[in-house]
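Below: the structure, in structure tokens.
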Amino acid sequence: MSETSTFFAEGGVQVSAPGRVNLLGEHTDYNDGFVLPVAIPQRTHVQAAPSPDSRFHVYSSNLDEHAEFEVDGELPDGYARYVAGCVHILRDHGVKVPPLSMKVHSDVPMGSGLSSSAALEVAVLRALRRILGLELDDVQIAQYAQAAEIRYAGVQCGIMDQMASSLADTGHMLFLDTRTLDRKILPMPADTELIVIDSGVARTLAGSKYNERFAECREAARLLGVPMLRDVTDVDALSQLPSTLQKRARHVVTENARVLAAVAEGVDGPTFGRLMNASHASLRDDYEVSVPALDTLCDMLRAEEGVHGARLTGAGFGGACVALCKRGQAAGIAEAVTTRYNQDRLLQLAGVLLPAPASQNGDSQPQPLFD
Ligand code: ADP
Ligand code: MG
């Protein structure tokens, strides 16, 4: 099957689903806590049509990669596992899914913490809902998408990303209680806009460290005798924990409190921004999922007069930062900060690559010129 394959022309469907940026409530969803994402304008598009043979065919134009699988066969490797996972989940729920051809195209950046994986899953499930005429509501779509990522892609994710992709819009915050799935669509703080900048740092450690944090949270909850860290609201209750677990739990407890503070009546841009700054500090110092590039990018954003606050968004170890700024200023600030950040990165790169001048004591080993 090629990208220009014509059998998509007849009997097919076209659907899409957005990525998301999380404003507050990071690493809280797998602790049954609170989150506050917004959909981003970038979307993943899926075209689906009956397959010409007995196999599923998938093509991602982003990766220029084809994959094939059978619903009762082995899972494919790579990105197609997310797609096959969605088909398998429907099968697990008793839906007979006939073989399909699917084409995927996305403008959600992949692996930047803006949830291209959930956008892919939700878009695939929307396509399956449409083409098979399934009676699935948007919450079920999110639940199936999350189950596909956990069971078939092997990522122990919470439900925030899939709920955001399935239910959020780009103009409002989705305040979600991930335990009960109670939710409210809320307006952004008055006279504000969002800036999202990708640090360009690949999230190499994200997978393994994510699983480590997941396990640490479970262990902290077990030692505290609660089902989930969501059930703790008083940081003093954490003092009995060993120091590392205490820090991890303190992030979760204080982050939940920050989400609740941010959705209180009448919260303005500067107050919301301070909560974002505090969230970043907690992710950096207590949860230890930041990296220097994300700290630098947030500092550069905060140095701008129009910025209320900035933080890393997504799981960390690379990926993107989000900032809240005064309305009308996002484009200008984003351009200025991106330019400065790129210059800074180029200088650092040059510093690492160039040998340092010989030092006074005759030691001429190459050294980084910059920290
Ligand atoms: P994030 O969800 O933050 O973007 P993840 O690591 O969770 O990062 O998911 C990224 C993975 O999702 C990619 O490596 C790829 O396997 C899959 N993916 C997402 N969008 C696409 C796409 N358009 N085409 C192919 N694979 C995609
Ligand atoms: Mg993801």
Side-chain angles (χ1 to χ4, degrees), residues 1 3 14-22 26-27 29-30 35 37-48 56-69 75-87 101-127 142 144-166 168 178 196-211 213-214 289 291 294 312-322:
M1 183 179 73
E3 192 187 354
Q14 285 200 42
V15 297
S16 68
R20 64 98 190 96
V21 59
N22 190 24
E26 211 66 77
H27 289 280
D29 66 346
Y30 54 86
V35 294
V38 179
I40 56 174
Q42 288 79 7
R43 303 180 75 87
T44 297
H45 303 263
V46 170
Q47 258 179 299
F56 285 79
H57 300 264
V58 191
Y59 174 77
S60 162
S61 60
N62 297 93
L63 302 177
D64 190 22
E65 267 184 38
H66 302 265
E68 293 183 9
F69 62 93
L75 284 170
D77 287 329
Y79 80 95
R81 195 163 272 229
Y82 292 92
V83 179
C86 294
V87 172
S101 294
M102 287 186 255
K103 189 168 97 178
V104 177
H105 178 75
S106 183
D107 48 13
V108 182
M110 277 186 253
S112 294
L114 301 175
S115 229
S116 69
S117 61
L120 176 58
E121 293 146 8
V122 171
V124 166
L125 283 163
R126 283 181 175 173
Y144 284 12
Q146 182 204 18
E149 184 148 344
I150 293 175
R151 216 178 290 169
Y152 295 109
V155 182
Q156 287 295 333
C157 59
I159 200 163
M160 166 174 65
D161 298 352
Q162 292 81 6
M163 285 291 281
S165 182
S166 191
T178 62
V196 180
I197 300 180
D198 191 343
S199 69
V201 175
R203 297 183 307 161
T204 36
L205 278 171
S208 58
K209 291 290 180 186
Y210 183 93
N211 290 337
R213 295 294 178 276
F214 183 95
V289 294
V291 289
L294 293 171
L312 71 85
T313 188
F317 296 105
C321 290
V322 58

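Remember, it's 1-based here, ligands and their atoms both numbered in the order they're listed.
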For this session: Looking only at protein heavy atoms, identify the closest one to atom 6 (O) of ligand 1 and say how far it is in Å.
Result: R203 NH2, 3.4 Å

Seminar exercise, completed: Ranked by distance from atom 10 (C) of ligand 1, the top protein heavy atom is S116 OG, 3.5 Å

Problem set entry | Contacting atoms of ligand 1, where contact means under 4.0 angstrom from a heavy atom of L63 | 25 (C), 26 (N)

Seminar exercise, completed: So SG of C321 and CD1 of I197: to nearest 0.5 Å the spacing works out to 8.0 Å

For this session: Enumerate the atoms of ligand 1 whose separation from the nearest heavy atom of S115 is less than 4.0 angstrom.
Result: 1 (P), 2 (O), 3 (O), 4 (O)

Exercise. For T44 and A119, which heavy atoms make the closest approach, and how far apart are they?
Worked result: OG1-CB, 3.4 Å

For this session: Please find out if the Mg ion (ligand 2) and some N, O or S atom of S116 are separated by less than 2.8 Å.
Result: no

Seminar exercise, completed: CZ of F56 to CD of E68, rounded to nearest 0.5 Å, is 12.0 Å

Exercise. Which atoms of ligand 1 sit under 4.0 Å from any heavy atom of S106?
Worked result: 23 (N)

For this session: Could you find the nearest protein heavy atom to atom 7 (O) of ligand 1 and give me its residue, atom name and distance?
Result: S117 OG, 3.1 Å

Exercise. Where's the contact between E65 and ligand 1, heavy-atom distance under 4.0 Å: side chain, backbone, both or neither?
Worked result: neither

For this session: Report, in ascending order of atom number, the atoms of ligand 1 lying under 4.0 Å from any heavy atom of G113.
Result: 3 (O)

Seminar exercise, completed: atom 24 (N) of ligand 1 sits nearest the protein heavy atom S60 OG, 2.8 Å

Seminar exercise, completed: To the nearest 0.5 Å, atom CG of D161 lies from atom CZ of R20 at 4.0 Å

Problem set entry | Sub-4.0 Å atoms of ligand 1 with respect to non-hydrogen atoms of Y79 | 15 (C), 16 (O), 25 (C), 26 (N)

For this session: Drop me the distance from C86's SG to E149's CD, to the nearest 0.5 angstrom.
Result: 9.0 Å

For this session: Can you label the angle between the H45 ring and the H105 ring as parallel, tilted or perpendicular, going by 30° and 60°?
Result: parallel

Problem set entry | R81 near ligand 1 by a heavy-atom separation under 4.0 Å | no

Exercise. Minimum heavy-atom separation for V15 to A123, with atom names?
Worked result: CG2-O, 3.2 Å

Exercise. Considering only heavy atoms of V104, which atoms of ligand 1 have at least one such atom less than 4.0 Å away?
Worked result: 22 (C), 23 (N)

Seminar exercise, completed: When every non-hydrogen atom of V196 is compared with those of A320, the smallest separation belongs to CG1-CB, 4.0 Å

For this session: Check the angle between the aromatic planes of Y210 and H27 and answer parallel, tilted or perpendicular using the 30° and 60° thresholds.
Result: tilted

Exercise. Among protein heavy atoms, which lies nearest atom 21 (C) of ligand 1, and at what distance?
Worked result: M110 SD, 3.6 Å

Problem set entry | Sub-4.5 Å side-chain heavy-atom contact between Q162 and C157 | yes

For this session: Please confirm whether the backbone N or O of A48 pairs with a side-chain atom of S101, one donor and one acceptor, at under 3.5 Å?
Result: no

For this session: Check whether any N or O atom of A118, backbone or side chain, sits under 3.5 Å from an N or O atom of ligand 1, and answer yes or no.
Result: no

Exercise. Any idea which atoms of ligand 1 are less than 4.0 Å away from a heavy-atom of N62?
Worked result: 22 (C), 23 (N)

For this session: Measure L114 to ligand 1 on non-hydrogen atoms and call it side chain, backbone, both or neither using the 4.0 Å cut-off.
Result: backbone

Exercise. Which atoms of ligand 1 sit under 4.0 Å from any heavy atom of L120?
Worked result: 18 (N), 27 (C)

Problem set entry | Residue, atom name and distance, where the atom is the protein heavy atom closest to atom 17 (C) of ligand 1 | Y82 CE1, 3.8 Å

Seminar exercise, completed: d(L75 CG, R151 CZ) to nearest 0.5 Å is 11.5 Å

Problem set entry | Protein non-hydrogen atom below 4.0 angstrom of atom 1 (P) of ligand 1 present | yes

